[in-house]
Amino acid sequence: MAKILLGFMGSGKTTVAKYLKGRVVDMDALIEEKIGMTISDFFAAKGEAAFRAIESETLEELLKLEGDTVISTGGGVVLSEKNRELLRQNRRNNVLLTTSFDVVYRRIQEDTHAQRPLFQTKSKEEFQDLFQRRMALYKDLAELVIHT
Ligand code: S3P
């Protein structure tokens with residue numbers, strides 16, 4: 001069964017995944033391969049709903065992988081009830097990374113590598129509101145919670 005890393009943008013999923021041994025799949029990187037462009041460009045061209053559909057389809061595919069795989073998810077994977085149900089079924093193998101809002105905000109600001117459309121288009125207050133709403137969705141989806 002796959003081990004899944006969950007958490008808000010900037011909580012360290014991609015960084016932690018790089019330290020783990022074995023097969024690691026970065027969902028966002030896989031999605032970018034599928035769509036042939038960056039997630040940021042895809043959001044601009046097709047909108048968030050189209051991205052969420054591909055994200056859900058990718059999660060479902062990855063959960064079917066046999067053997068030991070670590071899957072680093074995108075922070076919004078918990079938005080759909082269907083995804084949350086799939087994640088609940090995998091709860092014993094899920095790790096949630098948590099971080100305070102201030103740290104997340106600073107990390108994302110300093111991250112010159114990943115362009116995050118939801119960060120770019122929101123004020124700090126709106127982004128904090130998103131953070132709080134998301135934290136409620138991650139709750140109870142993972143057996144192990146690590147504060148990064
Ligand atoms: C998103 C998080 C991003 C990426 C996309 C949307 C979100 O992944 O999937 O920009 O809605 O939280 P990271 O959590 O790896 O930044």
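Numbering of ligands and ligand atoms starts at 1, following listing order.
For ligand 1, the atoms sitting less than 4.0 Å from at least one non-hydrogen atom of Met9 are 2 (C), 7 (C), 12 (O), 14 (O), 16 (O), numbered in the order shown with element in parentheses. Using a 4.0 Å cut-off to heavy atoms of Arg116, the atoms of ligand 1 that qualify are 16 (O). Short contacts between ligand 1 and Arg134, defined as distances under 4.0 Å to a heavy atom of the residue, involve ligand atoms 7 (C), 11 (O), 12 (O). Listed by number with element, the atoms of ligand 1 under 4.0 Å from a non-hydrogen atom of Gly74 are 8 (O), 9 (O), 14 (O).
At a 4.0 Å heavy-atom cut-off, ligand 1 touches Arg52 through the side chain alone. With a heavy-atom cut-off of 4.0 Å, Leu118 touches ligand 1 through its side chain alone.
Contact check for Leu6 versus Val77: side-chain heavy atoms found under the 4.5 Å cut-off. Arg52 is listed as a side-chain neighbour of Leu79, based on a closest heavy-atom distance under 4.5 Å.
The closest approach between a heavy atom of Ala114 and any atom of ligand 1 is not below 4.0 Å. Under the 4.0 angstrom criterion for non-hydrogen atoms, Phe119 is not in contact with ligand 1.
Atom NZ of Lys34 has more than 12 heavy atoms from other residues, nucleotides or ligands within 6.0 Å. Within 6.0 Å of CG in Asp41 there are more than 12 heavy atoms belonging to other residues, nucleotides or ligands.
Results of the side chain to side chain contact (heavy atoms under 4.5 Å, CB included) test with Val78 over Leu141, Asn83, Leu96 single out Leu141 as the only residue that passes.
Between Lys13 and Thr73, the shortest heavy-atom contact is CE-O, 3.1 Å. Among all heavy-atom pairs drawn from Leu86 and Glu60, the shortest one is CD1-CG, 3.7 Å.
Summary of contacts: the protein heavy atom closest to atom 8 (O) of ligand 1 is Asp28 OD2, 2.7 Å. When only non-hydrogen protein atoms are considered, atom 10 (O) of ligand 1 lies nearest to Pro117 CD, 3.6 Å. Ranking protein heavy atoms by distance to atom 5 (C) of ligand 1, first place goes to Ile39 CG2, 4.0 Å. If you check which protein heavy atom lies closest to atom 14 (O) of ligand 1, you get Lys13 NZ, 2.6 Å.
Some N or O of Gly76 is nearer than 3.5 Å to an N or O of ligand 1, by distance alone. Taking distance alone, with nitrogen or oxygen atoms compared against 3.5 Å, Gln115 stays at or beyond that limit from ligand 1. Of the polar atoms of Glu55, none of the N or O atoms is found under 3.5 Å from an N or O of ligand 1, judged by distance alone.
At a cut-off of 3.5 Å, with distance as the only test, a side-chain donor of Thr99 or Thr148 sits close to an acceptor on the other residue.
Relative orientation of the Phe131 and Phe8 rings is perpendicular, given thresholds of 30° and 60° on the angle between their planes. Ring planes of Phe43 and Phe51: tilted class, angle from 30 to 60°.
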